[in-house]
Amino acid sequence: QVQLVESGGGLVQAGGSLRLSCSASGSMFSISTMGWYRQAPGKQRELAAVLVRDGSTNYADSVKGRFTISRDNAKNTVFLQMNSLKPEDTAVYYCRVVIMGNIYWGQGTQVTVSS
């Protein structure tokens with residue numbers, strides 16, 4: 001029933017910015033957490049940023065100060081603003097949402113940062 005649709009990925013030069021979005025389509029849901037994970041070739045999937053229901057956020061050390069996670073509760077949408085991008089940020093970024101104890105993943109969006 002729940003479908004997560006991601007957008008905003010692309011190719012940018014080092015130092016540039018991108019804004020990812022992820023929306024849960026359909027009816028309104030009670031979302032516990034929303035987050036972004038990323039996976040580069042040859043690497044484990046890792047947490048980039050997460051936003052819990054009480055508004056608290058957590059970021060990977062590698063992105064702190066550069067990435068910002070936010071949400072629009074009315075639209076069941078989570079955003080990831082990525083600034084000062086580095087080549088090492090290149091990865092497929094996946095939206096992750098927890099709804100009523102169930103985990104849902106987006107299809108992934110490619111972010112490529114060139115030097």
Would you name the heavy atoms of L51 and S70 that are closest together and state the gap between them?
-> CD2-C, 4.1 Å
Backbone N or O of I69 within a donor-acceptor pair of the Y59 side chain at under 3.5 Å?
-> yes
Is there a path of hydrophobic side-chain contacts, each under 4.5 Å between heavy atoms of I, L, V, M, F, W or Y residues, that connects W36 with F67?
-> yes
Interatomic distance, CG@L80 vs CZ@R19, rounded to 0.5 Å, equals 10.0 Å
Are the charged groups of K64 and D61 less than 4.0 angstrom apart, N to O?
-> yes
Same apolar cluster (I L V M F W Y, side chains within < 4.5 Å links), Y104/Y94 | no
Taking all heavy atoms of I103 and all of R96, pick out the closest pair and write down the distance.
-> CD1-NH2, 3.2 Å
Which one of K86, R38, E88 satisfies the side chain to side chain donor-acceptor pair (under 3.5 Å) criterion with S62?
-> R38
Enter the distance from S17:OG to L85:CG here, rounded to the nearest 0.5 Å.
-> 6.0 Å
side-chain contact (heavy atoms from CB on, under 4.5 Å) between V111 and L18: does it pass, once the steps are laid out?
-> CA-CA 9 Å; V111 171; L18 284 174; 3.8 Å; yes
Heavy-atom closest pair (Q107 atom, L4 atom, distance to 0.1 Å) is OE1-O, 3.4 Å
If you take all heavy atoms of L47 and A60, which pair is closest and at what distance?
-> O-CB, 3.3 Å
Shared hydrophobic cluster for V12 and V63 (ILVMFWY, side-chain gaps under 4.5 Å) | yes
CD on Q81 to CG on L20, rounded to 0.5 Å | 9.0 Å
When rounded to the nearest 0.5 Å, the distance separating CG of D72 from CZ of F79 is 5.5 Å
G108 backbone acceptor or donor facing E6 side chain under 3.5 Å = yes
To the nearest 0.5 Å, tell me how far D89 CG sits from T112 OG1.
-> 11.0 Å
Would you call the rings of Y37 and W105 parallel, tilted or perpendicular, where under 30° means parallel and over 60° means perpendicular?
-> perpendicular
For V78 and C95 the tightest heavy-atom approach is CG1-SG, 3.7 Å
Value rounded to 0.5 Å, distance of CD in Q110 from OG1 in T90 | 7.0 Å
Indicate the atoms forming the closest heavy-atom contact of P87 with A14, along with that distance.
-> CD-CB, 4.1 Å
